[in-house]
Each structure stands twice: as C-alpha cells, then as structure tokens.
Amino acid sequence: LLLLQRYPISGTTDGDKRSHLRNHWTTPDQFMGAIHAGFSTTTECFASPLNVHPDTTHYCSKYPEDKVFGSLGSMYDIRPTGSFEFNPEYTPAELQKA
C-alpha cells in the first residue's frame with residue numbers, strides 16, 4: 001500500500017491545466033525490447049518497482065524505500081556504466097537536472 005501511495009496515478013493540476021504529470025507508466029515492451037537488443041542496456045535510470053521492465057538487470061528509482069524491491073536508489077547517487085535507458089519525469093526541473 002505504501003508503494004502505491006509513493007507513486008500516485010495522477011499528477012497535480014493548476015486550474016484546468018495539468019502541470020506535473022507523474023512519469024511512472026511503462027515504456028512499451030516492444031520499444032524496451034528493441035533498446036535491450038540494440039544497445040545491450042542493463043540499467044533503467046528512472047524506473048520504479050511498478051514499471052521496471054522484466055529484462056532490466058538494474059534500476060534506479062526516486063525513493064530509497066524502493067531498495068527492498070531491488071532498486072539501486074537514486075540515479076543521482078550512482079554512476080551507471082555501459083548502456084542504460086534514461087527516462088526522467090516530465091517536469092522542467094527534473095529534465096534540467098537529468
């Protein structure tokens with residue numbers, strides 16, 4: 001239950017305009033399969049226990065509590081090596097930081 005509370009389904013809104021869209025939807029399997037096959041990716045840098053692809057060896061998530069589900073922790077606390085998939089949340093601050 002706490003996991004679902006950390007990753008709400010909807011974003012916040014400003015009036016009628018959606019301003020902060022939560023990016024915890026899964027990238028389509030066919031696309032992720034092509035990335036894994038073409039680039040030998042092993043790490044998803046911005047995933048969650050709810051959307052990490054089954055073929056991904058390692059993943060990072062926003063919350064330290066996700067380590068119990070296999071997360072390496074925050075992308076900003078590690079230095080990924082090799083080939084990795086990078087899909088941060090779609091907010092200006094997060095995209096700039098990434």
Side-chain angles (χ1 to χ4, degrees):
L1 182 59
L2 293 176
L3 176 64
L4 296 176
Q5 289 175 338
R6 283 196 297 271
Y7 294 98
I9 292 172
S10 63
T12 59
T13 60
D14 291 333
D16 293 331
K17 182 179 177 186
R18 184 159 299 229
S19 61
H20 302 288
L21 182 63
R22 297 285 185 184
N23 180 27
H24 59 267
W25 300 308
T26 302
T27 302
D29 281 341
Q30 187 175 12
F31 183 73
M32 285 298 288
I35 290 174
H36 283 289
F39 298 103
S40 300
T41 56
T42 58
T43 304
E44 286 186 57
C45 295
F46 294 92
S48 81
L50 300 174
N51 75 352
V52 64
H53 191 271
D55 293 339
T56 298
T57 307
H58 307 287
Y59 75 100
C60 299
S61 62
K62 186 174 183 176
Y63 301 102
E65 296 87 354
D66 293 343
K67 288 182 178 182
V68 298
F69 300 104
S71 169
L72 298 174
S74 172
M75 159 55 198
Y76 303 113
D77 294 336
I78 70 162
R79 294 260 185 203
T81 59
S83 185
F84 47 90
E85 188 264 344
F86 200 84
N87 186 21
E89 287 196 39
Y90 305 137
T91 64
E94 193 67 29
L95 291 168
Q96 182 68 31
K97 185 177 180 180

Problem set entry | Partners meeting ring-ring contact (aromatic ring centres under 6.0 Å, His included) with His58 (sequence neighbours left out) |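 ring-ring contact (aromatic ring centres under 6.0 Å, His included) check on His58 returns nothing, list empty.
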Exercise. Under the side-chain contact (heavy atoms from CB on, under 4.5 Å) test, which residues partner Glu94, sequence neighbours left out?
Worked result: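 Testing Glu94 for side-chain contact (heavy atoms from CB on, under 4.5 Å), a comparison that skips the adjacent residues, returns Phe46, Tyr76, Pro88, Glu89, Thr91.
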For this session: Can you measure from SG (Cys60) to CE (Met75) and round to the nearest 0.5 angstrom?
Result: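 One gets 6.5 Å once the value is rounded to the nearest 0.5 Å.
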For this session: Output, in order, the C-alpha distance, side-chain angles, deciding distance and verdict of side-chain contact (heavy atoms from CB on, under 4.5 Å) for Phe69 and Tyr63.
Result: CA-CA 11 Å; Phe69 300 104; Tyr63 301 102; over 6 Å; no
Identify every side-chain donor-acceptor pair in residues 30-43 under 3.5 Å, counting partners at least two apart or on other chains, and give the distances.
from: His36; atom 1: ND1; to: Thr41; atom 2: O; distance (Å): 3.1
from: His36; atom 1: ND1; to: Thr41; atom 2: OG1; distance (Å): 3.0
from: His36; atom 1: NE2; to: Thr56; atom 2: OG1; distance (Å): 3.4

Problem set entry | Heavy-atom donor-acceptor pair, Ser71 side chain to Ser61 backbone, under 3.5 Å |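 Here the side-chain-to-backbone pair exists.
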For this session: Heavy atoms only: give me the nearest Tyr59-Ser48 pair and the separation to one decimal.
Result: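 Taking Tyr59 first and Ser48 second, the nearest heavy atoms are CE1-C, 3.8 Å.
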Exercise. For residues 76-87, which residue pairs qualify under salt bridge (Lys or Arg N to Asp or Glu O under 4.0 Å), counting only residues two or more places apart or in two chains?
Worked result: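 Not a single pair qualifies under salt bridge (Lys or Arg N to Asp or Glu O under 4.0 Å).
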For this session: Each residue besides Ile78 in its hydrophobic cluster should be listed here, by chain and number; the cluster joins Ile, Leu, Val, Met, Phe, Trp and Tyr at side-chain heavy-atom distances under 4.5 Å.
Result: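 Under the 4.5 Å side-chain rule, Ile78 groups with Leu72.
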